[in-house]
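Presented below is the structure to which this report refers.
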Amino acid sequence: MTEAQLLSGKTVSESVYKSLIPRISDLKENSITPGLAAVLVGDDPASNVYVRNKTKRFEKLGLFTDTIKLSSDTTEDELIKLIEQLNVDNRFHGILVQLPLPKAMDNQNVLLAINPKKDVDGFHPVNLGLLTAGTPSFIPCTPKGILRLLEHYNIETDGKNVVIVGRSNIVGRPMSILLSLKRNPGNATVTLCHTHTQNQKDITRSADILISATGIPGSISDQDISNDTVVIDVGINRVEDDSEKGYSIVGDVDYNSVIHKTSAITPVPGGVGPMTIAMLVENTIEAAESTLSK
Ligand code: NDP
């Protein structure tokens with residue numbers, strides 16, 4: 001069998017950033033600096049790292065970003081009031097509320113408060129509805145990044161069996177809708193698995209492309225795929241180890257087990273993660289561009 005192709009989100013995201021530079025310059029010529037407000041509630045260390053990684057990229061590209069940190073005892077009303085202020089603050093074209101929120105808050109109420117035109121994460125029901133109707137506006141960053149990765153490496157989805165494991169509103173479900181749309185990439189026959197799925201192995205073994213987004217390290221091995229399946233590993237999981245940091249980051253997929261069987265695979269880290277950040281930047285630039293045509 002030929003060696004598996006590595007689908008590098010690091011490489012593809014760099015080419016995305018390169019393609020965005022002229023668009024950023026055009027905006028700046030029109031006195032617009034694309035801006036992102038990142039809202040972080042509580043002190044979850046992983047969320048801190050995610051927000052930092054995202055905003056670092058905005059700074060590197062000369063974009064405007066501000067991270068607003070709120071304590072974990074912030075109420076839902078206080079957070080919604082803040083979002084309402086950000087909705088009318090012209091410095092920000094995009095608003096990101098880092099999930100998960102404290103348990104006392106209702107995610108849906110908070111996401112509903114974001115102006116859909118600034119919803120660069122694509123989680124607002126208006127944007128999810130447009131996506132479902134086949135006329136997407138802001139596409140959630142992780143599924144969008146996966147589509148871009150597949151496109152870049154000329155991985156055909158038309159007529160293929162795609163199996164997605166995990167049905168969250170931020171990854172699995174929008175991914176399943178996008179890949180089933182009558183467009184390219186898309187036109188796939190999609191199966192969405194979750195914890196109630198029966199005989200999951202039989203289903204995943206039928207996949208031409210398998211996308212795992214469960215957050216369960218090592219849950220996909222060579223027993224779950226057929227020869228030459230393309231494997232997209234969305235998982236970002238902290239696993240304790242003896243290293244200096246005390247943990248390492250692994251995906252859902254047992255990489256060493258599947259590498260001999262797959263035709264192409266995303267590494268973790270360096271696969272889907274960098275694409276998610278690149279798509280957040282791209283969506284924020286799109287949001288800024290939409291203010292030009294007013
Ligand atoms: P959620 O916990 O919201 O959803 C997990 C999904 O997986 C649920 O639908 C759940 O099913 C399903 N699931 C869990 N265990 C199993 C199992 N054994 N068999 C089948 N299905 C299962 O997670 P997220 O979607 O937010 O994130 C998933 C992973 O992706 C995490 O590791 C997260 O860190 C990572 N992630 C990575 C990103 C990136 O940029 N690379 C971006 C976002 C997330 P059910 O609905 O029945 O409970």
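Here the structure is a predicted model, which means the values were calculated and not measured. Counting convention: from 1, in listed order, for ligands and their atoms alike. Nothing fancy with the numbering, it's 1 onward along the sequence.
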**OP:** Indicate the atoms forming the closest heavy-atom contact of Q108 with P125, along with that distance.
**Re:** NE2-CG, 3.4 Å
Original post:
Can T75 and D77 be said to form a side-chain hydrogen bond (donor to acceptor under 3.5 Å, both in side chains), step by step?
Top reply: CA-CA 5 Å; T75 65; D77 280 353; 5.5 Å; no
Subject >> Over 12 non-hydrogen atoms of neighbours within 6.0 angstrom of CG in N90 >> reply: no
Original post:
What pairs of residues pass the salt bridge (Lys or Arg N to Asp or Glu O under 4.0 Å) test when at least one of them lies in residues 8-29, not counting sequence neighbours?
Top reply: E14-R57, R23-E289
**OP:** Identify the two heavy atoms, one from V258 and one from I220, that lie closest to each other, and give their separation to 0.1 Å.
**Re:** CG1-O, 4.1 Å
Subject >> Set of residues that line ligand 1, where lining means a heavy atom lies under 4.0 Å from it >> reply: T142, V165, G166, R167, S168, I170, V171, H194, T195, Q200, A213, T214, G215, I216, V234, G235, I236, N237, V272, G273, T276
Original post:
Does the pair S206 and N161 meet the rule for a side-chain hydrogen bond (donor to acceptor under 3.5 Å, both in side chains), with working shown?
Top reply: CA-CA 7 Å; S206 73; N161 285 335; 4.8 Å; no
